[in-house]
Amino acid sequence: MTSPGDPGVPGDPGDPGGPSEVADLYWIPLGAGTPVVQLSGRIFEALSAIRHRRARCDLYHAALVITTPTGSVAVEQAPVPDDDGDSRGVVATGAVGTRWAGRFRVFRYEVRRWHDGDIPDLSFAVGGPTRLSDDAETTRRILDVLPGVPTPVWGRDQLDAGEMWNSNSVIAWTLTTAGVDVDALSRPPGGRAPGWAAGVAVARRGT
């Protein structure tokens, strides 16, 4: 496994001699490019730091990009923008806040396995990509397990994992289920990813 931003990683775009299938993890500042989300994240983190008597941290949102012989695949959890989920490779959906609210599109999230898809805030990622694997079997397994991802209510701990379920939980669950060594991963300095531990815990108990 390489560290974020290592130059000349085999398999990077433009490296014809590298492997054709790779998995990269990106750490994106929460709310990058969206002031309202940034402010909400700062308030949440300030309250959490006070509650747990610790220093404040920068919050991050995880996303995956899987490079395959036929193109790239964007993997992330995001709000549902419209009903055309097939065009974005949606493999699962869930409710936000409360289960009953999920009947309305604005209160639903979707998990995407989007071929040649777009992650709008990817350019804000800190440190560049972290190479997770250049093994074809592993990258395919990451994509294959996605339709089985749990879909509890976003922002709540319905699975008794110790923290809320969110986009970081989805990525952590996916990587853990696919056999990636998530314990070897680290957040950017001074940062944390709320929900990550929940995804790992749920995956390891097979829920």
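Below, all heavy atoms of this structure are taken into account, side chains as well, without hydrogens, waters or symmetry copies.
- A distance-only check finds a donor-acceptor pair linking the side chain of D157 to the backbone of G162 [under 3.5 Å].
- Nearest heavy atoms, V126 versus P188: CG1-CB, 4.1 Å.
- Follow the hydrophobic side-chain contacts under 4.5 Å out from V80 and you never reach V170; the two are in separate clusters.
- Counting only heavy atoms from C-beta outward, the side chains of D121 and H61 approach each other to under 4.5 Å.
- For V202 against A161, the heavy-atom pair with the smallest separation is CG2-CB, 3.9 Å.
- If you take CD1 on I142 and CD on E21, they are separated by 10.5 Å, rounding to the nearest 0.5 Å.
- Hydrophobic clustering, with ILVMFWY side chains joined whenever heavy atoms are under 4.5 angstrom apart, groups V73 together with L25.
- Nearest heavy atom pair, residue E110 against residue P81, reads OE2-CD, 3.8 Å.
- Counting only distance, with no hydrogens or angles, the side chain of W114 and the backbone of S72 share no donor-acceptor pair below 3.5 Å.
- Counting only heavy atoms from C-beta outward, the side chains of P29 and Y60 approach each other to under 4.5 Å.
- Within the structure, the side chain to side chain donor-acceptor pair (under 3.5 Å) test picks out the following pairs touching residues 95-107 (sequence neighbours left out): T98-W100, R99-Q158.
- Side-chain N or O atoms of N168 include one that pairs as donor or acceptor with a backbone N or O of P194 at under 3.5 Å.
- The distance from atom CZ of R187 to atom OG1 of T130, rounded to the nearest 0.5 Å, is 10.5 Å.
- Every residue was checked against the side chain to side chain donor-acceptor pair (under 3.5 Å) condition with D160, not counting sequence neighbours, and none meets it.
- Put simply, V153 and V91 are part of two different groups of oily side chains (I, L, V, M, F, W, Y) that touch within less than 4.5 Å, one to the next.
- Judged as a salt bridge (Lys or Arg N to Asp or Glu O under 4.0 Å), the pairs with a partner in residues 62-77 (not counting sequence neighbours) are, in order, E76-R112.
- Side-chain contact between I28 and I119 is present, with heavy atoms from C-beta onward closer than 4.5 Å.
- Residues W165 and T151 have side chains not in contact (no heavy-atom distance under 4.5 Å, counting atoms from C-beta outward).
- Expressed to the nearest 0.5 Å, how far OG1 of T177 lies from CZ of R204 amounts to 10.5 Å.
- Contact check for V96 versus R108: no side-chain heavy atoms found under the 4.5 Å cut-off.
- Annotation: the span from T70 atom OG1 to H115 atom NE2 amounts to 3.0 Å, rounded to 0.5 Å.
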Which is it for V111 and T174 under the side-chain contact (heavy atoms from CB on, under 4.5 Å) test, yes or no, and what are the steps along the way? CA-CA 11 Å; V111 179; T174 300; over 6 Å; no
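- Contact detail for A95 and G102: the closest heavy-atom pair is CB-CA, 3.7 Å.
- Here the straight-line distance linking atom CG of L143 with atom OG1 of T138 works out to 11.0 Å at 0.5 Å rounding.
- Both W196 and V180 are assigned to one and the same hydrophobic cluster, defined by single-linkage of ILVMFWY side chains at heavy-atom distances under 4.5 Å.
- Nearest heavy-atom pair, W154 versus S167, reported as atom, atom and distance to 0.1 Å: NE1-N, 4.0 Å.
- Atom OH of Y109 is surrounded by more than 12 heavy atoms from other residues, nucleotides or ligands within 6.0 Å.
- Annotation: D86, atom CG; neighbour count of heavy atoms from other residues, nucleotides and ligands within 6.0 Å does not exceed 12.
- Atom CH2 in W173 sits 7.0 Å away from atom CG in L146 (nearest 0.5 Å).
- With hydrogens and angles disregarded, no donor-acceptor distance shorter than 3.5 Å links the side chain of R113 to the backbone of G89.
- Using a 4.5 Å heavy-atom cutoff, the side chains of T139 and T68 are not in contact.
- Put simply, V65 and V90 are part of two different groups of oily side chains (I, L, V, M, F, W, Y) that touch within less than 4.5 Å, one to the next.
- Between the side chain of S169 and the main chain of G195, a donor-acceptor pair closer than 3.5 Å is present.
- Using a cut-off of 4.0 Å between Lys/Arg side-chain N and Asp/Glu carboxylate O, D82 and R88 are scored as salt-bridged.
- Put simply, the side chain of V75 reaches to within 4.5 Å of the side chain of I171, judged on heavy atoms.
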